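In listed order, ligands and their atoms are each counted from 1. This one's a predicted model, so the numbers in the text were calculated from it and none came from an experiment.
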Amino acid sequence: MSDEKTIDGPEPWQWPETTWRGIVDRVRAGRSLRPPQWKDGAQVAVALSFDSDHESGTLREGETSPGKLSQGQYGNRQGVPRILALLAKHGVPASFFVPAVIAQLYPDEQRRVVGEGHEVALHGWIHERNSVLPEVAERDLAHRAADSLERITGRRPVGMRTPSWDMSAHTITIARELGLLYDSSLMADDDPYEIVEDGRPTGLVELPVEWIKDDAVYFNMNRYSALRPYTAPSAVLEIFTAEFDGALAEGGLFLLTMHPHIIGHRSRLAMLDRLITHIRGHAGVWFATHEEIARYVKTAAKI
Ligand SMILES: [Zn+2]
């Protein structure tokens, strides 16, 4: 099944300008929200994020294998506790994006995450492929997910990351209906920007992601394909370090996406420990949750 929503009718090479321009303009990057300086004069902002997918990646496919589900449960049993211990050791905050079904499976985990000063934010209902859902279903799931996280953590989420970073043409509209402060699923920049919908600035902050700054692309594997890539943690450390060093040089944002059931393994968490140690070795670094960064850039830009 394709993740992409396509439109019926003429082939793309037959489209009139209004069609291709309209598609592109539906959701666009607006003005950069990279501030002249970060909080307290910091030169770089660091946003560590963990998508607590756990079993939801299996469930969303309708799969029921206890074997695959156990790989997800590892995220709760070993991943999140190790990550929280590492964050506490370095004294840095992070944001956790949690599908509502996972929050309901592990409410204590979410309360502990919030209790230790981190953020819990939206990551769909069951990690559904929202880009292929009917609009009414996507809207319903988004509202139910927000209610669910609020009930469990005691705090209404202010941001979202769409499952697999997919979006329908309605996703941003729904995010605005929910009154969200930010999204973190789009890729038009390295630094924060304002989302523009149908040519109109929305006030919604985008904290952009990219596969290059995601643990999954380096560490996931498909056991049934000939290609089974497991990148060495040392190689991933090299990439992530260079991304941070570049962000520091430009005065920008370094945003990293990780998954507890992937990064939580011993060899990989040791790599993350070394990365955070490298980052903390520099002066002028602001570690913050996504919410804190979104609020800061919005205030700095006076929107
Ligand atoms: Zn996810």
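Note that OG of Ser95 is 8.5 Å distant from CG of Leu255, once rounded to the nearest 0.5 Å. The line from CZ of Arg77 to OH of Tyr106 is 9.0 Å long, rounded to the nearest 0.5 Å.
The six-membered or imidazole ring of His259 lies away from that of Phe219, with a centre-to-centre distance of 6.0 Å or more.
Distances under 2.8 Å from the Zn ion (ligand 1) pick out the protein N/O/S atoms Asp53 OD1, Asp53 OD2, His123 NE2, His127 NE2.
Atom CD of Gln71 has 12 or fewer neighbouring heavy atoms from other residues, nucleotides or ligands inside a 6.0 Å radius.
Results of the side chain to side chain donor-acceptor pair (under 3.5 Å) test with Ser164 over Glu128, Arg60, His123 single out Arg60 as the only residue that passes.
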key: Step-by-step side chain to side chain donor-acceptor pair (under 3.5 Å) determination, His278 to Asp245   = CA-CA 10 Å; His278 170 81; Asp245 290 348; 2.9 Å; yes
